[in-house]
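To start, the structure itself, in structure tokens.
Residue numbers start from 1 in every chain, and the chains themselves are labelled A, B, ... in the order their sequence lines are given, proteins ahead of strands.
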Protein chains: 2
Amino acid sequence: MAEGAALRAVRGCLAAFPREARELGWPESIPYLDRPPSPLEFYREWVSPNKPCIIRNAISHWPALKKWTSAYLREVVGPKVVSVAVTPNGYADAVFQDRFVMPEERQMPFMDFLDIVEKKVTSPNVFYVQKQCSNLTEEFPELICDVQPDIPWMSEALGKKPDAVNFWLGEAAAVTSLHKDHYENLYCVISGEKHFLLHPPSDRPFIPYELYQPATYHVSEDGSFEIVDEKTAEKVPWIPLDPLNPDLELYPEYAQAKPLQCTVKAGEMLYLPSLWFHHVQQSHGCIAVNYWYDMEYDIKYSYYQLLDCLTKTVKML
Amino acid sequence: MAEGAALRAVRGCLAAFPREARELGWPESIPYLDRPPSPLEFYREWVSPNKPCIIRNAISHWPALKKWTSAYLREVVGPKVVSVAVTPNGYADAVFQDRFVMPEERQMPFMDFLDIVEKKVTSPNVFYVQKQCSNLTEEFPELICDVQPDIPWMSEALGKKPDAVNFWLGEAAAVTSLHKDHYENLYCVISGEKHFLLHPPSDRPFIPYELYQPATYHVSEDGSFEIVDEKTAEKVPWIPLDPLNPDLELYPEYAQAKPLQCTVKAGEMLYLPSLWFHHVQQSHGCIAVNYWYDMEYDIKYSYYQLLDCLTKTVKML
């Protein structure tokens with residue numbers, strides 16, 4: 001076989017794989033469960049096959065669902081100084097002007113942040129409490145008793161506790177760009193709604209990555225933002241594509257990818273499996289809490305690494 | 001990148017994968033469990049990551065361990081006509097003389113078979129009760145009460161019953177050639193011992209397959225065997241390599257594969273995960289019962305299909 005033909009055959013394997021994975025494993029839309037399944041059933045039917053689902057009646061007993069009004073949050077954590085991601089455009093951790101741009105991490109009293117979200121104070125910028133370092137337990141321990149420190153049936157299923165519990169509250173303009181995490185993610189919406197656009201890991205051959213210089217938004221004295229390179233930081237791979245408005249001339253492979261979209265409403269929990277690509281939007285002022293359980297680095301992970309290696313190699317041509 | 005360089009890079013991904021999978025996921029030797037784990041633990045720690053183990057005290061309560069003597073088997077199933085695989089060389093379902101050769105399936109009273117195994121009658125041929133069509137439930141229902149119709153904790157873990165329960169009794173010369181099955185396999189040794197040589201699915205790039213004309217051993221009037229082609233049957237892919245004596249000149253890639261070997265003794269159970277390659281030998285007259293639970297055709301299976309597709313493509317060069 002000539003080398004050209006062999007490479008076409010390799011491309012053929014890589015192109016057939018996402019379709020076959022979809023036919024065997026992925027749903028047409030994200031299924032709903034009426035209640036949390038048993039730990040064994042959850043592991044077998046969802047975690048092990050790496051399938052997303054939305055679970056109802058998993059958090060309906062949480063006091064947070066009724067308690068977390070603006071007045072209550074102001075009372076309990078109002079004066080506390082917390083970390084808020086601020087950007088001029090709503091894109092934190094995203095590709096902008098050929099850089100991977102991280103937000104300004106502004107330390108401010110939580111009540112000042114609420115004033116902005118509630119439009120009592122006007123700002124041209126976009127604010128999002130989204131610090132993913134277990135900020136619920138680290139920055140908002142007063143709120144933990146209104147939710148749970150872990151999801152008991154998930155901890156039993158996985159045989160471990162979550163690595164992080166994160167609190168999210170932000171403006172409608174705040175968007176999370178397409179990316180993936182090495183966590184099994186239980187994403188619980190307390191108020192408002194979150195809009196997810198998902199791709200299974202098997203869509204990797206269709207999803208572009210490029211290497212970008214890391215940079216951070218710095219606010220100037222006149223209030224405008226400048227993008228400052230993190231000069232000592234190595235370039236990071238990130239996805240330049242906006243799945244809501246994909247540039248198919250630049251990334252024609254993406255036309256073959258099939259996003260799954262879903263809206264997670266207050267009181268619902270999304271199981272977002274490890275290594276699934278996700279792009280997230282929200283209703284204005286949406287509050288959410290999510291649990292990150294580290295994934296297992298087993299054969300499934302090794303296979304993903306193989307897929308990643310092959311995708312990069314074939315793309316270099 | 002030139003095409004030659006791209007293909008070398010593809011080969012690089014494929015060669016790195018088995019090593020990385022081994023480092024992350026596979027043990028140096030098959031681990032032992034002192035007792036059966038809970039269904040959830042078994043699914044999480046062994047089935048989902050596709051890892052083999054040997055389980056002790058899982059079948060120690062089976063009456064078969066003490067009851068299944070020659071005298072008892074002769075009494076209970078002696079006159080019964082059963083299906084026995086007969087070959088001149090011990091290799092049933094294996095590559096021989098450039099064909100995929102299946103055994104003569106001889107119908108004979110079980111006691112006549114026992115006479116041969118116990119050398120009360122001499123035969124130049126090799127006999128093996130190994131019919132894998134749930135022959136324990138189909139041909140030996142009298143014996144089921146001495147074992148179990150399923151393994152309850154495995155059935156609970158997988159949420160289903162076994163597709164087949166097989167009974168194995170054969171001579172030391174009877175060898176099972178290297179192959180894989182799409183089953184989660186619980187292999188229980190009642191008496192004697194079985195010697196397994198295993199390769200994880202990630203070793204696929206190092207394991208040769210060729211296409212062979214199916215054929216069957218037919219016994220002639222003078223008692224000698226002839227190999228008769230199954231003319232209407234399509235060619236089947238099979239592994240020509242003998243892992244105990246690999247021809248590394250013909251199959252140099254196999255030098256990079258790392259077999260795991262283990263001996264499963266009477267009273268022990270091997271969990272042989274789906275898609276693991278296995279080659280099996282046994283002590284003379286070894287009796288075993290195994291449970292085949294159909295595997296899940298999920299993302300792990302799709303990934304294996306991708307690996308298989310790529311391995312075939314790259315080998316064609």
> So which heavy atom on B:Cys13 is nearest to which on A:Leu306, and how close?
Replying inline: O-CD1, 3.7 Å

> Given the rule in the ring-ring contact (aromatic ring centres under 6.0 Å, His included) test, do B:Phe100 and B:Trp238 qualify, once you have shown the distances and angles that lead to the verdict?
Replying inline: CA-CA 7 Å; B:Phe100 173 69; B:Trp238 205 259; 4.5 Å; yes

> Under 4.5 Å, heavy atom to heavy atom, which residues of residues 22-39 of chain B contact chain A?
Replying inline: B:Leu24, B:Trp26, B:Pro39

> Which one, B:Pro200, B:Ser202, B:Pro201, B:Ser302, leads in non-hydrogen pairs under 4.5 Å with chain A?
Replying inline: B:Ser302

>> Determine whether the aromatic ring centres of residues B:Tyr187 and B:Tyr291 are separated by less than 6.0 angstrom.
In response: no

> So which heavy atom on B:Leu248 is nearest to which on B:Ala255, and how close?
Replying inline: CD2-N, 3.7 Å

>> Does any backbone or side-chain atom of B:Tyr301 lie under 4.5 Å from a heavy atom of chain A? Answer side chain, backbone, both or neither.
In response: side chain

> Under a 4.5 Å heavy-atom cut-off, does chain A meet the side chain of B:Tyr303, its backbone, both or neither?
Replying inline: both

> With under 30° as parallel and over 60° as perpendicular, where do the rings of A:Phe42 and A:Tyr271 fit, or are they tilted in between?
Replying inline: perpendicular

> Is there a side-chain contact (heavy atoms from CB on, under 4.5 Å) between B:Leu186 and B:Leu272 once you walk through the steps?
Replying inline: CA-CA 6 Å; B:Leu186 291 180; B:Leu272 175 53; over 6 Å; no

> Do B:Val264 and B:Met269 come within less than 4.5 Å of each other through their side chains, counting heavy atoms only?
Replying inline: no

> Listed by residue number, which members of residues 154-163 of chain B have a heavy atom under 4.5 Å from any heavy atom of chain A?
Replying inline: B:Glu156, B:Ala157, B:Leu158, B:Gly159

> chain B heavy atoms under 4.5 Å from A:Phe17: which part of the residue, side chain, backbone, both or neither?
Replying inline: side chain

> Heavy-atom distance under 4.5 Å between the side chains of A:Ile59 and A:Val147, does that happen here?
Replying inline: no

> Step by step, would you call B:Ile239 with B:Phe277 a side-chain contact (heavy atoms from CB on, under 4.5 Å)?
Replying inline: CA-CA 10 Å; B:Ile239 301 167; B:Phe277 300 94; 3.7 Å; yes

>> Could you walk me through whether B:Asp181 and B:His278 satisfy the side-chain contact (heavy atoms from CB on, under 4.5 Å) test, starting with their C-alpha distance in whole Å, then the side-chain angles of each, then the deciding distance to 0.1 Å, before giving a yes or no?
In response: CA-CA 9 Å; B:Asp181 302 305; B:His278 51 290; 3.1 Å; yes

> Looking at B:Lys51, B:Arg44, B:Glu296, B:Glu45, which one has more heavy-atom pairs under 4.5 Å with chain A than the rest?
Replying inline: B:Arg44

>> Can you confirm if the aromatic rings of B:Tyr254 and B:His199 lie within a centre distance of less than 6.0 Å?
In response: yes

> Taking it one step at a time, do A:Cys188 and A:Asn290 satisfy side-chain contact (heavy atoms from CB on, under 4.5 Å)?
Replying inline: CA-CA 6 Å; A:Cys188 311; A:Asn290 85 309; over 6 Å; no

